[in-house]
Visitor: 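Pasting in a structure now, in structure tokens, and then I'll have a few things to ask.
Being a predicted model, the structure only gives us computed values, none of them experimental.
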There are 2 protein chains.
Amino acid sequence: MAETTRHSEPRYGNRPTMKDVAARAGVGLKTVSRVVNSEPGVTPDTERRVQEAIDALGFRRNDSARVLRKGRTASIGLVLEDLADPFYGPLSRAVEEVARAHGALLINGSSAEDPEREEELVLALCARRVDGLIVIPAGDDHRYLEPEIKAGIATVFVDRPAGRIEADMVLSDSFGGAREGVAHLIAHGHRRIGFIGDQPRIHTATERLRGYHAAMTDAGITVEDSWVSLGSTEPERVRPAAETMLSGPEPVTALFAGNNRVTVTAVRVLAGRERPVALVGFDDIELADLLGITVISQDAAAVGRTAAEHLFRRLDGADHSPARVELPTRLIPRGSGELRPA
Amino acid sequence: MAETTRHSEPRYGNRPTMKDVAARAGVGLKTVSRVVNSEPGVTPDTERRVQEAIDALGFRRNDSARVLRKGRTASIGLVLEDLADPFYGPLSRAVEEVARAHGALLINGSSAEDPEREEELVLALCARRVDGLIVIPAGDDHRYLEPEIKAGIATVFVDRPAGRIEADMVLSDSFGGAREGVAHLIAHGHRRIGFIGDQPRIHTATERLRGYHAAMTDAGITVEDSWVSLGSTEPERVRPAAETMLSGPEPVTALFAGNNRVTVTAVRVLAGRERPVALVGFDDIELADLLGITVISQDAAAVGRTAAEHLFRRLDGADHSPARVELPTRLIPRGSGELRPA
DNA sequence: TAGGCCCTGGACAACGTTGTCAGAGGAATG
DNA sequence: CATTCCTCTGACAACGTTGTCCAGGGCCTA
């Protein structure tokens, strides 16, 4: 009778398993496991035989099986908005470094600001049983994470607070930063100051707007509706928004840009104009020093590092109640924010 | 007698399993599996009962176990140099999008240009049994990957060729791009042209240098040793290298920067000088248009997309021999490269 | 009403690893 | 020489899922 093949296709391209190594080395399965994991209690001679078999067969431990058995994946998930965004690159890298220091791998995904996609990604990561999650929220309702967190997946929210759920958070001081930036413009003589920001659904956008209003109110300035524009940060939207504020009988004399993408477009718009217009942007950008752009800088790497360290402290058993860390921002004057009204 | 607890700690914080769901719904294990995987052969009524149990318990399938059983992880690994580098952000994002379209997650790691760290990362990913691997090599010997590739892990090398191993590659035309850039400078009257590049260990660095030499030779110019400087791309090294070339009795009148980091430092150095010096940089950088920097641009997203698509074609069974794809670069004149010698 | 077929559901093994435990053999001790 | 203790090793179960196979019941047809 022919042997029965119960499965349709060979898995893993027929990789050798510990069983194969054991057979070849003439030892028991568990002994191979011990060698692979550098556990004590193996004679040097046995170890050598096993090691030879491993090399000869090209064996590599299957971590999927290991994970199943041990219950820890030694990996964490990072869900952010867009890996291609210059703010998130360094953040992601910082998280990776911390993960690496803890022997963990990083799985990351971009939500593209789509709450559904965020949830899908997060849940996929949970299904993989990542040990922990760092999430830069796109949506504002994270109750779907409740069972996961309860089940033990440590979670830290970054840059924006979690929605309708108790959790650790690491934020930048959006309100304070924007307030400082706008106050800086006011201190240089501006009163008609425009604000171009991200969609109001996004927490940092509204916080920065709140900072703008606070600074204006502090100075006794009444904000006109036409000075504020929220929405997508695509150039196609930001450009006309800026153009509008800068034209008309009573144009603004200064602009506050709500994030790095807005700043970039604003710089382009202003570059094409004769009358100088002051500009302060939230988030630093590469080469901003050469272009003389005054910014409110948040240290993306520090944010990532802080969040990751917090996460691993949790994983290592820290059991304090959910914390909220707020990192300060820094005003870097470079010229564009110090222009006086024409 | 008390029940025996065989294991030290509860895994996964005591997550419910399919068994628990089955018990609660009063059905068999496999039926739950069927519902979870939307397999046919379950009455609507049964399905509803199972679904209710799932929701009530907050069950989520353990993909580790699934992977073990199925042999496919639906994830790919990406090893690059530095996620924080503006060239790799978009590349990584492009890879992610393709992966997503194929239902796969992306695990990535930064090698920090360290061959050992590259190997460590790659092997860790292999141990996780990623279905495929995209590697931007740091080292120049990848024989360690041979057993892995033989065992079925599809691999594509990007940006730099694999060392001592047959494999798919997706490269940019570094030689051609550099040659074109340098020729552009020559066409604008320069003869004394400096080249500042990355470490010679890195393939793209030597290719670009080769392009530089080719263009110079084409124009009948003999390159002086002092015009060429290879090494780390840290500002601390690039800055003095540039300063040296620009001083002395016979300074260069133009610079060719070997990659984006070098370009950035070069721009900073040149900004502090009176005499205008022409500059062409390899890799485009954000805001380069505003700064008027002429560059040789390679489309990072296109490189990533091409590589990922290639990888998935392999995974879907394409069995052609290893291919080598070379993507063209594009010269974007913006002013700095069109300056004539003083 | 009997026979056959299809549809649904469940028992069981297997994926590759690690934790537990017990046994074999040698050294040390009385 | 017998006993104890220790070291090294291997058999076995379990992790949570999916593939295979079989059983039972309902329905249709003759």
Visitor: Can you name the one residue among L91(B), D159(B), L106(B), V158(B) that meets side chain to side chain contact (heavy atoms under 4.5 Å, CB included) with I134(B)?
Guide: V158(B)
Visitor: Please state whether the base of dT18(C) and the side chain of R69(A) form at least one donor-acceptor pair under 3.5 Å?
Guide: yes
Visitor: Whether E113(A) and R160(A) form a salt bridge (side-chain N of Lys/Arg under 4.0 Å from carboxylate O of Asp/Glu) is what I want to check.
Guide: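 A salt bridge is present here (some side-chain N lies under 4.0 Å from a carboxylate O).
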Visitor: Tell me: NZ of K19(B) to P of dA14(D), nearest whole Å?
Guide: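 About 9 Å, once rounded to whole Å.
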Visitor: List in numerical order all residues of residues 49-58 of chain B for which some heavy atom is under 4.0 Å away from an atom belonging to DNA chain D.
Guide: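 None - not one residue of the stretch has a heavy atom sitting under 4.0 Å from the strand.
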Visitor: Where do A53(B) and A25(B) come nearest, in terms of heavy atoms and distance?
Guide: CB-CB, 3.9 Å
Visitor: Between dT17(D), dT18(D), dG16(C), spot the one nearest the side chain of K70(B), thanks.
Guide: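 Given the options dT17(D), dT18(D), dG16(C), the side chain of K70(B) is closest to dT18(D).
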Visitor: Any side-chain heavy atom of L123(A) sitting closer than 4.5 Å to one from E148(A)?
Guide: yes
Visitor: What is the distance, to the nearest angstrom, from the CZ atom on R60(A) to the C1' atom on dG16(C)?
Guide: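 Rounded to whole Å, this separation is 16 Å.
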Visitor: Just how far, in rounded Å, is P of dG19(C) from CD of E39(A)?
Guide: 6 Å
Visitor: Identify whether the distance between the nearest side-chain nitrogen and carboxylate oxygen of D168(B) and R324(B) falls below 4.0 Å.
Guide: no
Visitor: In this structure, how many angstroms lie between the P atom of dC15(C) and the CZ atom of R61(B), rounded?
Guide: 20 Å
Visitor: Rounded to whole Å, please give me the gap between CG in N62(A) and C1' in dA14(C).
Guide: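 Roughly 14 Å, once rounded to whole Å.
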Visitor: Under a 3.5 Å cutoff, is there a donor and acceptor pairing between the side chains of T73(A) and D131(A)?
Guide: yes
Visitor: Before accepting this row, confirm whether a basic side-chain N of the pair R93(B)/E81(A) lies closer than 4.0 Å to the acidic partner's carboxylate O.
Guide: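 No.
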Visitor: Does a donor on one side chain and an acceptor on the other come within less than 3.5 Å for N37(A) and R61(A)?
Guide: yes
Visitor: With each end axis built from five pairs of C1' atoms, what bend angle do you get for the helix from dT1(C)-dA30(D) to dG30(C)-dC1(D)? Round to 10°.
Guide: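 Here the local axes at opposite ends form an angle of 50°.
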Visitor: Would you say a side-chain N or O of S64(B) is under 4.0 Å from OP1 or OP2 of dT17(D)?
Guide: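 Looking at the OP1 and OP2 atoms of dT17(D), neither is under 4.0 Å from any side-chain N or O of S64(B).
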Visitor: Would you kindly give the CZ-to-C1' distance between R66(B) and dT17(C), to the nearest whole Å?
Guide: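 Between C1' of dT17(C) and CZ of R66(B): 20 Å.
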Visitor: List the atom of A104(A), the atom of F312(A), and the distance in Å for their closest heavy-atom pair.
Guide: CB-CZ, 4.0 Å
Visitor: What contact category does N37(B) fall into here, base, sugar-phosphate, or nothing, at under 4.0 angstrom with non-hydrogen atoms?
Guide: sugar-phosphate
Visitor: Compare the minimum distances between each of dT18(D), dG16(D), dT17(C) and the side chain of M18(A), then state the nucleotide with the smallest one.
Guide: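 Of the candidates, dT17(C) comes closest.
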Visitor: Given dC15(C), is OP1 or OP2 found less than 4.0 Å from the side-chain N or O atoms of T17(A)?
Guide: no
Visitor: Got a salt bridge between E146(B) and K150(B), using NZ or NE/NH1/NH2 to carboxylate O under 4.0 Å?
Guide: no
Visitor: Tell me yes or no: between the side chains of E119(A) and H142(A), is some donor less than 3.5 Å from an acceptor?
Guide: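 No, because no side-chain N or O of E119(A) sits under 3.5 Å from a partner of the opposite role on H142(A).
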Visitor: Nearest whole Å is fine: how far is dG16(D) C1' from R15(B) CZ?
Guide: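 Taking atom C1' of dG16(D) as the reference, CZ of R15(B) is at 12 Å.
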Visitor: Is it true that E309(A) and R305(A) make a salt bridge, defined as a side-chain N closer than 4.0 Å to a carboxylate O?
Guide: no
Visitor: Return the residues of residues 21-34 of chain B meeting this criterion: a heavy atom under 4.0 Å from some atom of DNA chain D. Order them by number, or give none.
Guide: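 Under 4.0 Å from DNA chain D: L29(B), K30(B), S33(B).
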Visitor: Contact class for V36(A) vs. all strands (heavy atom < 4.0 Å): base, sugar-phosphate, or nothing?
Guide: nothing
